[in-house]
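In what follows, a structure is listed as structure tokens, so that the remarks can point back to it.
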There are 2 protein chains.
Amino acid sequence: MPSSVPRAVPLPGFGAGPAAGYRGPQVCTLVGITYRQLDYWARTGLLTPSITGARGSGTQRRYSYHDVLELKVIKQLLDGGISLQRARQAVDCLRQGLGADLASTSLVLSGSGSVLAHGDGEVVDLLRGGQGVLNIMPMSGVVDELDAAILSIAEPQVSDTRPSADAARRPGEHQAASGG
Amino acid sequence: MPSSVPRAVPLPGFGAGPAAGYRGPQVCTLVGITYRQLDYWARTGLLTPSITGARGSGTQRRYSYHDVLELKVIKQLLDGGISLQRARQAVDCLRQGLGADLASTSLVLSGSGSVLAHGDGEVVDLLRGGQGVLNIMPMSGVVDELDAAILSIAEPQVSDTRPSADAARRPGEHQAASGG
DNA sequence: CACAGAAGCGACATCGACGTAGTTACTGGG
DNA sequence: CCCAGTAACTACGTCGATGTCGCTTCTGTG
């Protein structure tokens, strides 16, 4: 695993112990979504945190690295003009590709379903064979952007020691960075 | 123009004179959408008929062949999971490609806009250069499907002489043909 | 001229997705 | 033990998109 970002163990400043994972507001910052979206997506079954689900007021949802990656994929699909309904369908495909080296694949959505294509050749084959719309998202961009965001919020903040709360509330700042 | 479908002159059974075009309910049948969708899209400026707009109760909207083609593109974008909002943005690109041989192009939606790509090579270039989601729709499929639909409803109907009303109300029949 | 048919129109309803704001309750530190 | 802080929760509102239904009006035919 060439990346310097630990996937199973959170960075300093993110909870304690190996299974702590990421808290809701942190996930909002990393992914670039509002708390309301995160909550709605959890409550409607799009993505519930795999470490710890919500157990009522005062508790915390805990998301794994892969949870956050999936959320990042969903966000980029929405930014790319894909409907939430279609993104719901696509997410299942990601879960089947859990063990794969996602960074070297592309998520391809077509009329017949979603697949993880390995390399440009496979994508081109899908292009030639398909009809209707093909939606193609290279996963390398998602992984790189997420890893960069994790490193960015893990570094000590000079100006503001509440990065998760303030960053999540600043409209447009993360969206601008993610394109669309 | 190899196709046998007249673009400027409507087929027998479709109004009179060279500029008659297609009526609203006929368009619904050809494209596979409800009258409500056609009406909403006209009223909200997504696509207003280029031959004759609505002038109140009792009058008829008249759509050109290219109008219907654009509507078909929108419908296939929606079937492919693209949001209506994003389809609105993409339609402008089609209008800029009016004179082109659309059947040999692919409509490509990316974070930076929409383009009509000519040939697989250009699409592959866009794949390699881009980030985020690419949505690709070969126009040949749209043109072929529309031409086939036009020929289909122009032929004399044996069972039912109200093809536009009944076909538009049959759920799934046209959607099944268009995939997704 | 009268009338049936067809298409456009207005209006209310529903639903998904999410914004906003106040409340609840858990957790950790003093 | 008390309390501040934080995150989840509840509830109402907004908006886009579309379904449904009844009304209006134009057009063509008898």
Side-chain angles (χ1 to χ4, degrees), chain A residues 14-17 20-29 32-49 51-63 74-75 77-79 81-89 161-166 168-172 175, chain B residues 14-17 20-29 32-49 51-63 74-75 77-79 81-89 161-166 168-169 171 175:
Chain A
F14 287 88
Y22 301 95
R23 296 178 296 110
Q26 289 169 335
V27 173
C28 292
T29 303
I33 59 178
T34 67
Y35 183 82
R36 190 64 181 93
Q37 284 175 297
L38 185 69
D39 190 51
Y40 181 69
W41 295 353
R43 291 166 172 273
T44 55
L46 173 57
L47 190 139
T48 51
I51 298 183
T52 310
R55 302 172 309 280
S57 302
T59 69
Q60 291 180 343
R61 294 184 174 105
R62 289 281 176 175
Y63 294 82
I74 295 165
K75 169 65 173 163
L77 287 174
L78 294 182
D79 286 346
I82 305 293
S83 67
L84 188 63
Q85 184 71 22
R86 189 71 182 82
R88 284 183 187 273
Q89 295 166 0
T161 51
R162 297 186 307 163
S164 57
D166 281 51
R169 286 198 194 97
R170 278 191 197 119
Q175 274 90 337
Chain B
F14 287 87
Y22 302 94
R23 295 179 293 110
Q26 290 169 335
V27 173
C28 292
T29 303
I33 59 178
T34 67
Y35 183 82
R36 191 67 178 88
Q37 283 175 297
L38 187 68
D39 190 50
Y40 181 68
W41 295 353
R43 290 163 173 273
T44 55
L46 173 57
L47 190 138
T48 52
I51 298 181
T52 310
R55 304 175 306 282
S57 300
T59 68
Q60 289 180 344
R61 294 184 175 105
R62 289 282 177 174
Y63 294 83
I74 294 164
K75 168 67 172 161
L77 287 173
L78 294 181
D79 287 347
I82 302 293
S83 67
L84 188 63
Q85 185 70 24
R86 189 69 182 81
R88 283 183 188 275
Q89 296 168 358
T161 52
R162 296 188 309 165
S164 58
D166 280 53
R169 287 199 191 97
Q175 276 88 338

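All chains are named by letter (A, B, ...) in the order of the sequence lines, taking the proteins before the strands, and each is independently numbered beginning at 1. Just the heavy atoms: all of them, side chains too, but no hydrogens, waters or symmetry mates, feed the values below. Source: prediction; values computed, not measured.
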Less than 4.0 angstrom between a side-chain N/O of B:R88 and OP1 or OP2 of D:dA17, yes or no? yes
Could you state the CG-P distance from B:D39 to D:dA17, rounded to the nearest angstrom? 14 Å
Side chain of A:T59, heavy atoms from C-beta onward: which of C:dC18, D:dA8, C:dA6 has the nearest atom to it? D:dA8
Round to a whole Å and report the spacing from CD1 of B:I74 to P of D:dT18. 11 Å
Winner on side-chain proximity to B:A54, out of D:dG16, C:dA11, C:dC9, is C:dC9
Would you kindly say whether A:R86 and A:Q89 are connected by a side-chain donor-acceptor distance under 3.5 Å? yes
Classify the nucleic acid contact of A:R43 as base, sugar-phosphate or nothing, counting any heavy atom under 4.0 Å across all strands shown. base
5' precedence on DNA chain D between B:L78 and B:R55 (nearest-nucleotide basis): B:L78
Regarding the side chain of B:R61, the nearest nucleotide among C:dC9, C:dC18, D:dA8 is C:dC9
B:L38 and B:Y63: side-chain contact (heavy atoms from CB on, under 4.5 Å), yes or no, with the steps? CA-CA 11 Å; B:L38 187 68; B:Y63 294 83; 3.5 Å; yes
Counting only side-chain heavy atoms from C-beta out, which of C:dA25, D:dT6, D:dG19 sits nearest to A:S57? C:dA25
Report the distance from atom OH of B:Y40 to atom C1' of D:dG16, rounded to the nearest whole Å. 5 Å
A:W41 side-chain N/O to C:dA17 phosphate OP1/OP2 under 4.0 Å: no
In the structure I gave you, are the side-chain heavy atoms of A:R43 and A:T48 within less than 4.5 Å of one another anywhere? no
Between A:Y63 (OH) and D:dA8 (C1'), how many Å, whole number? 10 Å
Return whichever of A:T44 or A:G58 has its heavy-atom-nearest nucleotide of DNA chain C closer to the 5' end. A:T44
Separation of A:L38 atom CG from D:dT6 atom P, in whole Å? 18 Å
Nearest whole Å is fine: how far is C:dC9 P from B:Y35 OH? 6 Å
For A:Q60 and D:dC9, what is the distance between atoms CD and C1' respectively, to the nearest whole Å? 15 Å
Which whole-number value in Å describes the distance from A:R36 CZ to D:dC12 C1'? 11 Å
Side chain of B:P25, heavy atoms from C-beta onward: which of C:dG8, D:dG19, C:dC18 has the nearest atom to it? C:dG8
When you check the side-chain N and O atoms of B:R88 and B:T44, is any donor under 3.5 Å from an acceptor? yes
Kindly indicate whether the side chain of A:L46, heavy atoms from C-beta on, has any atom under 4.5 Å from the side chain of A:Y40. no
